[in-house]
Protein chains: 2
Amino acid sequence: MSPLPDTAPETARPCLPKALAESPVFLLGRLGFELKRRAYEELEAAGASLWDYGVLAVLAEGTCGAQSSIADRLRLDRSQLVGLLDGLEERGLVERRRDPEDRRRHAVSLTPKGAEELTRLRAIVEALEDEVLAPLDSEERAELGRLLRCVASRANGRSAPRDEPVAVR
Amino acid sequence: MSPLPDTAPETARPCLPKALAESPVFLLGRLGFELKRRAYEELEAAGASLWDYGVLAVLAEGTCGAQSSIADRLRLDRSQLVGLLDGLEERGLVERRRDPEDRRRHAVSLTPKGAEELTRLRAIVEALEDEVLAPLDSEERAELGRLLRCVASRANGRSAPRDEPVAVR
DNA sequence: TATTGTTATACTCTATAACTATA
DNA sequence: TATAGTTATAGAGTATAACAATA
């Protein structure tokens with residue numbers, strides 16, 4: 001009605017347009033993005049990166065016979081992994097050793113110190129998880145998890161059949 | 001057991017470590033990120049960007065009395081908005097006109113062509129939505145939407161009280 | 001010649017800081 | 001002086017390409 005008053009009414013509180021705020025996909029995208037940003041931020045404050053966390057988590061499931069297998073699992077480019085492993089190795093969290101049978105390869109494994117670090121980082125991520133999921137009771141959390149896994153499993157199987165980077169961060 | 005065979009068994013199919021793949025927050029982050037990437041990609045193929053979509057969606061709810069109000073709603077920096085509006089204006093989708101009462105301000109509004117474009121882009125996003133949510137029946141979709149809104153509303157109210165960028169993309 | 005790990009380079013997106021014109 | 005819009009610059013993150021060693 002009034003021609004553009006000082007503080008326009010439609011922008012009194014900065015909020016997203018309904019069309020977006022109600023779209024599940026938009027919400028998913030925004031939440032996910034924000035979440036990653038926060039995880040990144042908090043891990044960084046703890047002296048690590050989200051990628052570090054991913055790498056350590058992969059190695060916790062067993063030594064990797066080649067660096068590229070880590071990269072593949074995280075859908076990370078090999079060249080990016082190099083720097084990450086350099087940092088982790090310097091900090092004594094992982095160990096690279098040449099494969100005597102194929103001297104091009106490096107077997108990568110977690111050191112005891114690396115396992116400790118993973119525990120520490122996991123605690124940080126879990127705290128974030130608790131905080132973000134706080135508005136949901138345990139039943140709702142389980143349901144959300146189920147729905148997400150359902151969506152994710154298809155997205156994995158179909159939308160990234162080859163080399164589409166999915167990016168842990 | 002066997003010392004690092006050619007294709008290490010634990011990496012037969014490149015998949016995420018369980019610790020990550022089962023974490024709802026990690027799933028949320030990954031899905032959201034991937035989703036945004038795809039939306040960005042598909043809109044770009046249609047000659048627009050995710051930001052364009054956001055800006056048009058904001059304007060569809062009414063003329064904005066100042067560019068900064070658009071930026072605030074999308075949690076986008078003012079300086080970034082300039083280029084976006086330039087592009088949209090060149091394409092005749094939005095209109096900038098000086099506010100006669102405060103000549104520093106530009107009122108921004110959607111043109112009829114812009115409204116059409118929004119419809120077109122919305123269709124693209126909705127198609128993506130359908131595709132991604134395909135594994136869920138309509139009841140599950142509604143439930144997912146409910147849970148996400150629940151989590152998001154708190155995240156908005158709490159985690160970004162001031163100037164934390166939440167980024168449409 | 002193909003592959004593993006590595007290094008170097010370029011590009012995209014975003015964050016920050018200046019600048020102008022109005023108030 | 002403060003604010004709206006704009007422009008310019010720098011940084012992070014990532015993608016791509018070239019490279020050396022080994023197969």
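Chain letters run A, B, ... following the sequence lines, proteins first, then strands; residues in each count from 1.
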Acceptor/donor pairs from residues 122-130 of chain B side chains to any protein atom, 3.5 angstrom cut, sequence neighbours excluded:
| from | atom 1 | to | atom 2 | distance (Å) |
| --- | --- | --- | --- | --- |
| B:Glu129 | OE1 | A:Ser23 | OG | 2.9 |
| B:Asp130 | OD1 | B:Arg141 | NH1 | 3.3 |

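For B:Ser109, the side-chain contact (heavy atoms from CB on, under 4.5 Å) partners two or more places apart in sequence, or in a different chain, are B:Thr63, B:Glu95, B:Arg97. Under the rule for a salt bridge (Lys or Arg N to Asp or Glu O under 4.0 Å), B:Glu44 has no partner lying at least two apart in sequence or in another chain. Residues satisfying the salt bridge (Lys or Arg N to Asp or Glu O under 4.0 Å) criterion with A:Arg98, sequence neighbours excluded, are absent altogether. For B:Ala60, the side-chain contact (heavy atoms from CB on, under 4.5 Å) partners two or more places apart in sequence, or in a different chain, are B:Leu110, B:Leu118. Every residue two or more places apart in sequence or in another chain that forms a side-chain contact (heavy atoms from CB on, under 4.5 Å) with A:Glu143 is listed here: A:Arg146, A:Leu147, B:Glu143, B:Leu147.
Among residues at least two apart or in separate chains, there is no salt bridge (charged side-chain N to carboxylate O under 4.0 Å, His left out) pair with a member in residues 15-28 of chain B. Legend: salt bridge (charged side-chain N to carboxylate O under 4.0 Å, His left out) pairs involving residues 45-54 of chain B, not counting sequence neighbours, sorted by first then second residue: B:Asp52-B:Arg91. Listed by first and then second residue, the salt bridge (charged side-chain N to carboxylate O under 4.0 Å, His left out) pairs involving residues 76-88 of chain A are A:Asp86-A:Arg96 (not counting sequence neighbours).
Out of D:dG5, C:dG5, D:dT6, the shortest distance to the side chain of A:Gln67 is found at C:dG5. Candidate nucleotides D:dA4, C:dT6, C:dT4 were compared by shortest atom distance to the side chain of A:Arg105, and C:dT4 ranks first.
Atom-to-atom, CG of A:Leu81 to P of D:dG13 comes out at 16 Å; the value is rounded to the nearest Å. Here the P atom of nucleotide C:dC13 and the CG atom of B:Leu84 are 11 Å apart, to the nearest Å. Across the protein-nucleic acid pair, A:Asp86 atom CG and C:dG5 atom P stand 13 Å apart, rounded to whole Å. Here D:dG5 presents its C1' atom at 14 Å from CG of B:Leu76, a figure rounded to the nearest Å. As a whole-Å value, the separation of A:Tyr40 OH from D:dG13 C1' is 7 Å. Straight-line distance from the CG atom of A:Leu85 to the C1' atom of C:dT6: 12 Å, rounded to whole Å. In this structure, A:Arg37 atom CZ and C:dC13 atom C1' are separated by 15 Å, rounded to whole Å. Atom CZ in B:Arg78 sits roughly 15 Å away from atom C1' in C:dC19 (whole-Å rounding).
Over its full length, the helix from C:dT1-D:dA23 to C:dA23-D:dT1 turns its helical axis through 20°, comparing axes from the five pairs at each end and rounding to 10°.
In summary, B:Arg37 and B:Glu41 engage in a salt bridge, as defined by a charged side-chain N under 4.0 Å from a carboxylate O.
Between A:Trp51 and D:dG13 there is no side-chain polar atom (N or O) within less than 4.0 angstrom of OP1 or OP2.
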Between protein and nucleotides 16-23 of chain D, map the contacts as a letter string: B base, S sugar-phosphate only, - none, heavy atoms under 4.0 Å, written 5' to 3'. BB---BBS

Between the protein and nucleotides 9-11 of chain D, which nitrogen or oxygen pairs come in under 3.5 angstrom?
none

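A:Leu59 and A:Val82 end up in different hydrophobic clusters when Ile, Leu, Val, Met, Phe, Trp and Tyr side chains are linked at under 4.5 Å.
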